[in-house]
Each structure stands twice: as structure tokens, then as C-alpha cells.
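Encoded as C-alpha cells, the structure appears first; notes follow it.
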Amino acid sequence: MKLALYPGTFDPFTFGHLDILERAVTLFDRVEVTVAVNAEKETIFPIEERCELIRQCIRHLTGVEVVAHEGLIADRARETGATVLIRGLRQSRDFDYELPMALANRALQEDLETVFLPASGRHALVSGTLVRDILRWNGDVSAFVPEPVLNALVRRVRS
Ligand code: COA
């Protein structure tokens, strides 16, 4: 059984992330969406809420689990026996950010390979920052996030 981790902050989980995940499940027996803490980022949603929203968005997928993890991704890989990390690449800039992480993760856990999936064209320009910025000005983000996330964002903005 080949287990892959799909780590990220997912704040919020977008159609871009869903696209990567839908394609990853065709490549691996099991995929764990590892909802992590990026020490550089302040998030809209707490980690458990991010997990719950992702679960609501992926009911149509089998072989996927969503787990909150506070700590190193390499440690989570060791704990679960995963040997693959999945990351999406949208543009060349992403690669500059991803390569050091992939190398660091392999230095921390020798057999841990990062597999990059290219984002599908129409999702290639979506990002958490973009969604958060449009929201800040009360813009419509329905083209970028699945319905459960959209509803949660609208509730958050109105409260
Ligand atoms: N579609 C849409 N958006 C995408 C995307 C895709 N396919 N792929 C990436 N993104 C966007 C996200 O929305 C996010 O945008 P934002 O920065 O504007 O919010 C950005 O790209 C990257 O976010 P994400 O993929 O969630 O990763 P991250 O950079 O926030 O977090 C971790 C990276 C969590 C994997 C990393 O910080 C980590 O591993 N943390 C745990 C601690 C650790 O192990 N540290 C050592 C790492 S070597």
C-alpha cells in the first residue's frame, strides 16, 4: 500500500488544492491530507476547522484521510510510513519555494520523495492570498473555493 501525504496550510482549501488531490488519488493507494502549521502564516480558520472543511469538500473521494499535524512533515511521514509528499506547482516561482523544502524533507527523512503535480490550467493562478484579499473587500470568491469553504468564509466575514 503506497501512502502519500499531501501537506499544506490550506487556508482556505481551494479548487486548486482539490484538483491536485483528485489527481493524486489516482496515483497512490491512500492519500493523507496533512493540514499543517506554517509558522510564517496567520490563518483565517483554526486547524481543526480547516480539516473539517476539507472533509466536507472531498466526500466524493475514497482512500483519503484528513489529519491535523503540528510539527515537522518529515515526522508525520515517519509516523505513518508515508514515503511520498505531494505538492502542486502552479508557476515557476513555486518551484523556487518548493525545491528547498523538498530537499530539507529528504534530509530529515531519507526515503521521503516529493512528487510535484502541475496545476490544471484554470487553477494555476489561484492562491490563498488572492482569496483572502478578494474577501477582505467583500468580493465574490465562489470561482475559487468549493461550497463548504465558501459558506464558512461568508459566515466568517459577516460575524
Ligand atoms: N492550487 C491553489 N493554490 C495553491 C496550490 C494549488 N494547487 N498549491 C499551492 N497553493 C497556494 C496556497 O493557496 C498558498 O497560497 P498563500 O501562500 O497565498 O496562502 C500557497 O500556495 C502555499 O500554500 P500551501 O500549499 O498550503 O503550503 P504552505 O506554504 O502554506 O505550507 C507546509 C507548507 C505546511 C507544507 C510547510 O510549511 C510545512 O511543511 N510545515 C510544517 C513544518 C515543517 O515540516 N517545516 C519544514 C519544511 S521543509
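One is the number of the first residue; the rest follow in order along the sequence. In listed order, ligands and their atoms are each counted from 1.
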Donor + acceptor pair across side chains of Asp140, Ser142 (<3.5 Å):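 Distance-only check passes for Asp140 and Ser142.
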Other residues, nucleotides, ligands: >12 heavy atoms within 6.0 Å of Arg78 CZ: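 Correct, the count exceeds 12.
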Does [X] reach ligand 1, in the sense of a heavy atom lying below 4.0 Å from it?
X      : answer
Arg87  : yes
Arg132 : yes
Gly71  : yes
Tyr97  : yes

Return yes if some donor-acceptor pair links the side-chain N/O of [X] with the main-chain N/O of [Y] below 3.5 Å, else return no.
X      : Y      : value
Asn105 : Met101 : yes
Ser120 : His123 : no
Arg30  : Ala4   : no
Asp11  : Ile44  : yes
Arg50  : Thr9   : yes

Residues Arg132, Glu42: salt bridge by 4.0 Å N-O rule: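 No, this pair does not count.
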Asp96 with Arg93: basic N within carboxylate O range, under 4.0 Å: no
Pairwise distance CZ(Phe10) to CZ(Phe45) - rounded to 0.5 angstrom: 14.5 Å
Interatomic distance, Arg87 atom CZ to Asp94 atom CG [nearest 0.5 angstrom]: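 That separation rounds to 8.5 Å.
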So which of [options] gets nearest to [atom], if we judge by its closest heavy atom?
atom                    : options                        : answer
atom 17 (O) of ligand 1 : Arg76, Lys41, His123           : Lys41
atom 3 (N) of ligand 1  : Asp133, Thr114, Val131, Val126 : Val126
atom 39 (O) of ligand 1 : Asn38, Ile73, Leu108           : Ile73
atom 31 (O) of ligand 1 : Asn105, Leu5, Thr9             : Thr9

Among all the protein's non-hydrogen atoms, which is closest to [atom], and how far away is it?
atom                    : value
atom 21 (O) of ligand 1 : Arg90 NH2, 3.0 Å
atom 36 (C) of ligand 1 : Met101 SD, 4.0 Å
atom 12 (C) of ligand 1 : His17 NE2, 3.7 Å
atom 18 (O) of ligand 1 : Thr129 OG1, 2.3 Å
atom 13 (O) of ligand 1 : Gly128 N, 2.8 Å

Subset of ligand 1 atoms that lie under 4.0 Å from at least one heavy atom of [X]:
X      : value
Ala36  : 34 (C)
Ala104 : 48 (S)
Phe10  : 26 (O)
Ser127 : 13 (O), 15 (O), 18 (O)

Using a 4.0 Å heavy-atom cut-off, say whether [X] meets ligand 1 through its side chain, its backbone, both or neither.
X     : result
Val37 : backbone
Glu40 : neither
Thr14 : side chain
Leu72 : both

Test applied, side chain to side chain contact (heavy atoms under 4.5 Å, CB included); reference residue, Val145; option that passes from Leu18, Leu53, Val131: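 For Val145, the side chain to side chain contact (heavy atoms under 4.5 Å, CB included) test succeeds with only one of Leu18, Leu53, Val131, which is Val131.
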Connected via hydrophobic side-chain network under 4.5 Å: Ile47 and Val64: yes
